[in-house]
**Student:** 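Mind having a look at this structure? Questions to follow.
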Amino acid sequence: MLRTHFIQDVTPDLDGKEVVLAGWVHNVRDLGGKKFILLRDKSGIGQVVVDKSSPSFEVARELSQESAIQVKGTVKADRRAPNGVEVSCNELRILSKAKAPLPLDVSDKVKADIEVRLKERLLDLRRQEMQAMIRIQSTAVRTFRDTLYKHGFYEIFTPKIIATGTEGGAQLFPVIYFGKEAFLAQSPQLYKELLAGAVERVFEVAPAWRAEESDTPYHLAEFISMDVEMAFADYNDVMNIVEDVIANVLDNVAKNHQNDLAILNHRLPSITRPIKRVTYREAIQILQSQGLPTKFGDDIGTPESRVLNKVLEQDLYFITDWPAEARPFYTKRKEGNPEISESFDLVYRWLELVSGSSRNHTREVLEKELRARGLNPINFEFFLKWFDYGIPPHAGFGMGLQRFMLMLTGLQSVKEVSLFPRDKKRLVP
RNA sequence: GCCGCAGUAGUCUAGCCCGGUCUAGGAUGGGGGCCUGUCGAGCCCCUGACCCGGGUUCAAAUCCCGGCUGCGGCGCCA
């Protein structure tokens with residue numbers, strides 16, 4: 001290893017000890033007879049002092065911002081130093097020199113536009129804000145997994161190259177598969193349902209692709225979908241799972257990332273359990289009472305959601321029991337009320353975070369619902385045939401990771417929380 | 001895809017309304033110099049830019065038209 005310590009582990013009580021550090025040159029303050037190097041590694045930023053008397057003084061003249069270096073030195077507890085500690089450099093190696101000037105200011109003195117940031121993404125990802133975002137995302141995904149494991153779910157992997165689209169609606173990306181037409185999966189929907197028919201409780205964290213016209217801060221052509229499917233359960237059961245996931249993630253991020261939240265200048269939303277649930281009908285009534293000309297059957301769009309957010313005074317709320325027509329064919333209608341489906345969205349302010357439902361589990365109903373949407377059941381035979389062999393009632397949901405991250409970081413665009421975003425006009429880097 | 005706004009050094013920004021004073025200002029970065037306790041180190045010198053094409057005009061960064069690119073809102077969706 002090229003280091004003995006991370007920067008955050010160099011504390012005043014190590015005074016006099018020899019350490020080897022490695023990281024990037026965040027900045028150099030050159031005082032002539034003495035240079036202060038701000039060295040950054042994954043754990044933070046610390047100070048290295050190179051004195052004129054040190055043999056490495058000549059090497060230090062060559063330093064440029066963002067060069068990767070290795071420092072051997074002696075820890076000095078010194079109240080003049082940031083955090084009361086610094087490393088006096090005995091040996092300095094430039095591991096990889098960075099070209100100057102940088103196309104992007106990593107130290108954040110000059111803010112860059114999102115376009116430049118994405119173009120120069122790797123340097124952008126070295127910024128403290130993006131590092132905080134990545135750390136929070138890692139905790140969020142781990143907590144999602146932990147919560148589901150706790151509820152007895154298995155992590156699964158479904159095919160991403162598929163023969164037919166799952167739902168209609170969203171556009172698919174075609175690929176050539178050994179000379180045949182195939183598509184990138186827009187959702188693991190049908191496969192996760194089938195697997196719930198084998199092992200009951202499954203989840204997947206994986207990319208999904210949508211070739212849509214959408215060009216907004218909330219859409220990506222490639223995004224990470226966190227999918228859950230549960231047999232012998234209905235939409236109320238999975239809403240409880242959603243609640244547990246959200247609550248655990250908020251807890252864990254609050255517990256472990258106060259420093260990162262401070263870097264991002266963000267306060268997590270507080271939630272009440274249970275999370276507020278309004279039916280679609282109630283939502284429409286609220287909108288009407290606010291003077292919006294919305295009627296049953298209309299979609300609840302962004303402007304409408306903004307109103308709901310205000311009236312409900314909740315940052316997180318479920319809208320349940322959507323009109324059946326507005327939902328995909330696998331969504332179960334409500335018994336005795338076939339206009340309505342057993343479905344829900346979880347909305348953060350005005351942004352749809354999660355979408356889920358009870359599913360149809362008989363072949364007859366599925367075929368009827370396909371036909372009602374102008375789809376041909378023959379194209380779904382690979383899926384439908386298994387419903388002849390005891391697929392139990394089941395329910396599930398899908399959650400957009402990047403949208404969830406907006407809630408956890410306060411950042412404004414899913415492109416910012418995607419490491420290398422793919423959108424309508426971005427294929428590189 | 002529609003509507004609105006915007007494109008000035010590597011990066012960020014002033015100037016644009018009211019054309020000439022712009023030989024385009026500042027910050028940050030980069031090069032050089034001074035400086036042994038900096039904390040966004042400081043000081044001095046230098047470096048580098050008007051998105052592309054057309055038009056109006058004696059004169060265009062500035063006004064007009066077209067294109068390209070980006071940002072915001074909306075639609076579609078997670």
Side-chain angles (χ1 to χ4, degrees), chain A residues 26-38 45-54 57 61 64-66 76 78-84 86 88 98-120 123-124 127 166-172 186-189 207-227 298-306 326-328 345-348 350-356 397-407 412-416 418 423-426:
Chain A
H26 193 67
N27 204 357
V28 181
R29 298 195 187 110
D30 186 349
L31 272 64
K34 187 174 267 191
K35 295 179 202 296
F36 295 99
I37 302 169
L38 296 186
I45 297 172
Q47 178 159 290
V48 173
V49 189
V50 191
D51 196 90
K52 203 165 198 166
S53 61
S54 163
F57 193 76
R61 293 175 62 89
S64 57
Q65 290 189 328
E66 293 308 308
K76 296 261 161 69
D78 190 326
R79 52 173 13 155
R80 294 172 301 181
N83 307 319
E86 64 191 13
S88 176
K99 223 163 74 175
L102 297 168
L104 186 96
D105 177 19
V106 176
S107 67
D108 268 334
K109 271 177 262 180
V110 180
K111 289 245 182 294
D113 291 338
I114 185 77
E115 186 193 356
V116 174
R117 290 178 44 207
L118 292 176
K119 188 171 165 229
E120 308 298 340
L123 291 176
D124 185 50
R127 295 170 48 243
T166 46
E167 306 168 35
Q171 293 296 304
L172 299 165
Q186 59 170 203
S187 156
Q189 183 65 32
W209 294 269
R210 304 211 175 155
E212 278 165 22
E213 290 305 304
S214 311
D215 192 8
T216 81
Y218 313 115
H219 292 84
L220 292 164
E222 178 179 76
F223 68 100
I224 301 299
S225 184
M226 316 216 292
D227 274 276
D298 288 353
D299 190 32
I300 295 177
T302 309
E304 289 79 17
S305 300
R306 286 182 204 267
R327 293 270 157 165
D345 282 357
L346 177 70
V347 183
Y348 169 58
W350 55 85
L351 188 61
E352 192 182 326
L353 239 45
V354 180
S355 190
F397 65 87
M399 179 165 169
L401 173 62
Q402 283 87 358
R403 288 185 174 188
F404 191 38
M405 283 300 295
L406 297 186
M407 177 178 109
Q412 295 301 307
S413 167
V414 290
K415 292 166 198 184
E416 268 191 277
S418 203
D423 61 31
K424 223 184 143 191
K425 42 201 122 178
R426 235 175 297 266

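So that the names make sense, note that chain A is the first sequence line, chain B the second, and so on, each numbered from 1. Predicted model, so just to flag it, every value in this text is computed and none were measured. Just so you know, these numbers use all the heavy atoms, side chains as well, and skip hydrogens, waters and symmetry mates.
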**Student:** Categorize A:Gln47 for me: base, sugar-phosphate, or nothing, with a 4.0 angstrom heavy-atom threshold over every strand shown.
**Tutor:** base
**Student:** Side chain of A:Val110 only, please: which of B:G37, B:G30, B:U28 is the nearest?
**Tutor:** B:U28
**Student:** Describe the nucleic acid contact of A:Glu86 in one word from base, sugar-phosphate, nothing, applying a heavy-atom distance below 4.0 Å.
**Tutor:**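 Base: the residue A:Glu86, judged by heavy atoms under 4.0 Å, touches a nucleobase.
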**Student:** If you compare every side-chain N and O of A:Lys35 against the phosphate oxygens of B:C35 (OP1, OP2), does one of them come in below 4.0 Å?
**Tutor:**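 Result: no.
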**Student:** Using a 4.0 Å heavy-atom cut-off across all strands, classify A:Leu104 as base, sugar-phosphate, or nothing.
**Tutor:**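 Counting heavy atoms under 4.0 Å across all strands, no contact is made by A:Leu104.
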**Student:** Answer with base, sugar-phosphate or nothing: what part of the nucleic acid does A:Leu220 contact at a heavy-atom distance below 4.0 Å?
**Tutor:** base
**Student:** NA contact type, A:Asp299, heavy-atom cut-off 4.0 Å: base, sugar-phosphate, or nothing?
**Tutor:**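 Sugar-phosphate contact only - A:Asp299 comes under 4.0 Å of backbone atoms but never of a base.
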**Student:** How far does CD of A:Glu66 sit from CG of A:Asn27, to the nearest 0.5 angstrom?
**Tutor:** 10.0 Å
**Student:** Counting side-chain heavy atoms from C-beta on, which of B:G75, B:U11, B:U36 comes nearest to A:Leu31?
**Tutor:** B:U36
**Student:** Please round to the nearest 0.5 Å and tell me the distance separating atom CG of A:Leu351 and atom OH of A:Tyr218.
**Tutor:** 6.5 Å
**Student:** Work out how far the C1' atom of B:C51 is from that of B:A9, and round it to whole angstrom.
**Tutor:** 14 Å
**Student:** Quick check on B:C12: is either OP1 or OP2 less than 4.0 Å from any side-chain nitrogen or oxygen of A:Lys109?
**Tutor:** no
**Student:** Just how far is it from atom CE of A:Met226 to atom CD of A:Gln402, taken to the nearest 0.5 Å?
**Tutor:**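 Output value for this atom pair is 9.5 Å.
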**Student:** Please determine if A:Arg80 and A:Glu86 form a salt bridge, counting it only when a charged side-chain N lies under 4.0 Å from a carboxylate O.
**Tutor:**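 A:Glu86 and A:Arg80: not salt-bridged.
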**Student:** A:Asp51 side chain: which of B:U38, B:U36, B:A78 is closest?
**Tutor:** B:U36
**Student:** Does a side-chain N-to-carboxylate-O contact under 4.0 Å join A:Arg327 and A:Asp345?
**Tutor:**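 Looking at A:Asp345 together with A:Arg327, the answer is yes, because their closest N to O distance falls below 4.0 Å.
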**Student:** Base, sugar-phosphate, or nothing: which does A:Ser64 touch, judged by heavy atoms less than 4.0 Å apart?
**Tutor:**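 No contact.
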**Student:** Contact class for A:Lys111 vs. all strands (heavy atom < 4.0 Å): base, sugar-phosphate, or nothing?
**Tutor:** sugar-phosphate
**Student:** Hey, which sits more toward the 5' end of RNA chain B by its nearest nucleotide, A:Leu38 or A:Pro103?
**Tutor:** A:Pro103
**Student:** Heavy atoms only, 4.0 Å cut-off, all strands: where does A:Asp30 land among base, sugar-phosphate and nothing?
**Tutor:** base
**Student:** Between the base of B:U36 and the side chain of A:Lys34, is there a donor-acceptor distance below 3.5 Å?
**Tutor:** yes
**Student:** Nearest 0.5 Å please: distance from the CZ atom of A:Phe36 over to the CD atom of A:Gln47.
**Tutor:** 5.5 Å
**Student:** Over all strands shown, is A:Arg117 touching base, sugar-phosphate only, or nothing at heavy-atom distances under 4.0 angstrom?
**Tutor:**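 No contact.
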**Student:** According to the Watson-Crick and G-U wobble definitions, with both distances under 3.5 Å, which nucleotide is paired to B:G42?
**Tutor:**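 Across any shown strand, B:G42 pairs with B:C34.
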**Student:** Using a 4.0 Å heavy-atom cut-off across all strands, classify A:Gly400 as base, sugar-phosphate, or nothing.
**Tutor:**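 A:Gly400: no heavy atom of the nucleic acid under 4.0 Å.
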**Student:** May I ask you to say what A:Arg426 touches in the nucleic acid, namely base, sugar-phosphate or nothing, with a heavy-atom cut-off under 4.0 Å?
**Tutor:**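 Result for A:Arg426 = sugar-phosphate.
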**Student:** With both distances under 3.5 angstrom, what nucleotide forms a Watson-Crick or G-U wobble pair with B:G70?
**Tutor:** B:C5
**Student:** Taking the same atom, C1', in B:C5 and in B:G37, what whole-Å distance lies between them?
**Tutor:** 48 Å
**Student:** So, does the side chain of A:Asp105 form a donor-acceptor pair with the base of B:U28 at under 3.5 Å?
**Tutor:** no
**Student:** From the set B:G30, B:G75, B:U38, return the single nucleotide nearest to any side-chain atom of A:Glu304.
**Tutor:** B:G75
**Student:** Rounding to the closest angstrom, what is the interatomic distance between B:A27 and B:U47 at atom P?
**Tutor:**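 Those two atoms are separated by 15 Å.
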**Student:** From the list B:C77, B:G29, B:G75, which nucleotide is the closest neighbour of the side chain of A:His219?
**Tutor:**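 Minimum distance to the A:His219 side chain belongs to B:C77.
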**Student:** Out of B:U13, B:G10, B:U36, which has the shortest distance to the side chain of A:Pro101?
**Tutor:**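 So the side chain of A:Pro101 is nearest to B:G10.
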**Student:** Could you check whether any side-chain N or O of A:Asp113 sits under 3.5 Å from a backbone N or O of A:Glu115, counting only pairs where one atom can act as donor and the other as acceptor?
**Tutor:** no
**Student:** Might you point out which heavy atoms bring A:Gln412 and A:Glu416 nearest each other, and give the distance in Å?
**Tutor:**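 Scanning both residues completely, I find the closest heavy atoms to be N-OE1, 3.6 Å.
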**Student:** Of the nucleotides B:A78, B:C12, B:G72, which one has an atom closest to the side chain of A:Glu352?
**Tutor:** B:A78
**Student:** Which whole-number value in Å describes the distance from A:Asp113 CG to B:G10 P?
**Tutor:** 15 Å
**Student:** Between B:G70 and B:C52, how many Å separate the two C1' atoms, rounded to a whole number?
**Tutor:** 15 Å
**Student:** If I pick the P atom on B:G25 and the same atom on B:A14, what distance separates them, to the nearest angstrom?
**Tutor:** 16 Å
**Student:** Could you grab the distance from atom CD of A:Gln65 to atom NE2 of A:His26, nearest 0.5 Å is fine?
**Tutor:** 8.0 Å
**Student:** So is the aromatic ring of A:Phe223 stacked onto the base of B:A78, judging by whether the centres are under 5.5 Å apart and the planes are under 30° apart?
**Tutor:** yes
**Student:** Does any donor-acceptor pair link the side chain of A:Arg210 with the base of B:C76 at a separation under 3.5 Å?
**Tutor:**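 No, no donor-acceptor pair under 3.5 Å.
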**Student:** Of all the nucleotides listed (B:G37, B:G75, B:G73), which has the minimum atom distance to the side chain of A:Thr302?
**Tutor:**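 Closest nucleotide among those given: B:G75.
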**Student:** For A:Asp345, report the nucleic acid contact type (base, sugar-phosphate, nothing); a contact means any heavy atom under 4.0 Å.
**Tutor:** nothing
**Student:** How many whole angstroms separate atom CD of A:Glu115 from atom P of B:U11?
**Tutor:** 10 Å
**Student:** Provide the distance between the two P atoms, one in B:U56 and one in B:U62, to the nearest whole Å.
**Tutor:** 15 Å
**Student:** Can you identify which nucleotide, out of B:G37, B:G40, B:C74, has its nearest atom closest to the A:Asn27 side chain?
**Tutor:**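 Nearest to the side chain of A:Asn27 among the choices is B:G40.
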**Student:** Please state the C1' separation for the pair B:C3 and B:G29 - nearest whole angstrom.
**Tutor:**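 To the nearest whole Å, 38 Å.
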**Student:** Could you check whether A:Ala208 gets within reach of a base, just the sugar-phosphate, or nothing at all, counting any heavy atom under 4.0 Å?
**Tutor:**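 No contact.
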**Student:** Reading RNA chain B from 5' onward, which residue's closest nucleotide shows up sooner: A:Leu118 or A:Arg61?
**Tutor:**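 Comparing both residues, the 5'-ward one is A:Arg61.
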**Student:** Take atom C1' in B:U13 and the same atom in B:A24, then report the distance between them in whole Å.
**Tutor:**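 Their C1' atoms lie roughly 13 Å apart.
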**Student:** Does any nucleotide pair with B:U11 by Watson-Crick or G-U wobble geometry, both distances under 3.5 Å, and what is it?
**Tutor:** B:A27
